[in-house]
Amino acid sequence: MKKNVKNLIVISFIIFIMSFVMNFGISDASETNRVIDEANIISESEEAELNDKIKDIQSNNFDVVILTVNSLGSKSEQEYADDYYDYNGYGFDDEHSGVLFLISMGERKYHISTTGKGIKAFTDYGIGKIKDEVKPCLSDGEYYKACDKFLAMTKDFVTAYKNGKPYDTNNHYKEKANIPLREVIALAVSLVIALIIVGIMKHNMNTARPSGSAGNYIKYDSMNLTQESDTFMYSNVSKTKIESSSSSGGGSSTHTSSSGSSHGGGGGSF
């Protein structure tokens, strides 16, 4: 009996230790800093805000990394982004799912590298939409704004993928309208003024009185026909659309990194 109790205590202790280690590992992975600003283009307060937003996205079991560097060395932006993600052990689940956003100041290049489920969440269409948003910010030197836009769109893309409807050529991404309050007020005031002016014009034009017959509008002997002819005016043409059998070209393009991992993504210059 004592032996059984002793064995039970040992087993319980082992389970407790294993549970502690596993929880520590998960917590440590999610709490690791995911904004690596080697180029020093983001302030500490901005970096903290970006990390908080990344943690929110990580709750979907999806990793996000923002990396700024001074130079790519001998690598292309794609190679640098892929290798940094792979060799630093980023990514959640057995597919290492996640996305990395690279900004290189020396070459003025940027790249978005996707891995695992990130390849499906960020299609070629989706990568193009993100590039359209972040590139102008990078060109203007608004690096925090570029990163913030990237994270906002990443959250939308991950959510859409989880819901089974990733953004693609057959499911377009619609950015939320962001209209300043002063513009809304100006539009409302302009509309009111326009309605007042139209109302005044309508009131001033309301001078016509109905007539019992059309005789007042007829001037007798004012028109004499001197020639008659038939003139062809128009024709009706029917057209039938021939549907193309080609596809819309959705999905994601992939390549293999130096580590042998499969990646998607895209980038360019700013």
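- Under the 3.5 Å distance criterion, the side-chain polar atoms of Thr159 are matched with a main-chain donor or acceptor of Lys155.
- When atom types are taken as modelled, the side chain of Asn171 and the backbone of Lys165 share a donor-acceptor pair closer than 3.5 angstrom.
- Annotation: side chain of Phe150 is in contact with side chain of Val99 (closest heavy-atom distance under 4.5 Å).
- Between the side chain of Ser97 and the backbone N or O of Lys117, at least one donor-acceptor pair lies under 3.5 Å.
- Side-chain N or O atoms of Ser104 include none that pairs as donor or acceptor with a backbone N or O of Lys109 at under 3.5 Å.
- At least one side-chain heavy atom of Asn51 sits less than 4.5 Å from a side-chain heavy atom of Arg34.
- A 4.5 Å side-chain heavy-atom check between Leu67 and Ile103 finds every atom pair outside the cut-off.
- In summary, the aromatic rings of Tyr125 and His172 are positioned with their centroids under 6.0 Å apart.
- Of the possible polar contacts, none joining the Asp83 side chain to the Tyr80 backbone as a donor-acceptor pair under 3.5 Å is found.
- No hydrogens or angles considered: nothing links the side chains of Ser252 and Asp124 as a donor-acceptor pair under 3.5 Å.
- Of all non-hydrogen atoms in Cys137 and Glu133, the two that sit nearest each other are SG-O, 3.7 Å.
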Does the pair Tyr87 and Ser258 meet the rule for a side-chain hydrogen bond (donor to acceptor under 3.5 Å, both in side chains), with working shown? CA-CA 10 Å; Tyr87 293 115; Ser258 64; 3.1 Å; yes
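- The closest donor-acceptor contact from the side chain of Glu107 to the backbone of Ser71 lies at 3.5 Å or more, if one exists at all.
- Between Asp148 and Lys53, at least one side-chain nitrogen of the basic residue sits less than 4.0 Å from a carboxylate oxygen of the acidic one, meeting the salt-bridge criterion.
- Taking NZ of Lys129 as the start and CG of Asp156 as the end, the distance is 12.5 Å to the nearest 0.5 Å.
- Contact annotation: the side chain of His255 approaches that of Asp82 to within less than 4.5 Å [non-hydrogen atoms, C-beta and beyond].
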Test side chain to side chain contact (heavy atoms under 4.5 Å, CB included) on Phe62 and Lys162 and set out the steps. CA-CA 11 Å; Phe62 190 88; Lys162 284 190 62 180; over 6 Å; no
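- At least one side-chain heavy atom of Asp86 sits under 4.5 Å from a side-chain heavy atom of His263.
- Exactly one residue among Ser262, Ser253, Ser113 makes a side chain to side chain contact (heavy atoms under 4.5 Å, CB included) with Ile119. That residue is Ser262.
- Aromatic ring centres of Tyr173 and Phe157 lie closer together than 6.0 Å.
- Proximity of Tyr85 to Asp63: side-chain heavy atoms (C-beta onward) are separated by under 4.5 Å at one or more points.
- Looking at heavy atoms from C-beta onward, Leu102 lies out of side-chain contact with Thr68 at the 4.5 angstrom threshold.
- With hydrogens and angles ignored, the 3.5 Å screen pairs a side-chain donor or acceptor of Asn33 with a backbone N or O of Val35.
- A 4.5 Å side-chain heavy-atom check between Phe92 and Gln58 finds at least one atom pair inside the cut-off.
- Within the 3.5 Å criterion, the main-chain N or O of Gly264 finds a donor-acceptor partner in the side chain of Thr114.
- Atom OH of Tyr167 sits about 9.5 Å away from atom NZ of Lys174, to the nearest 0.5 Å.
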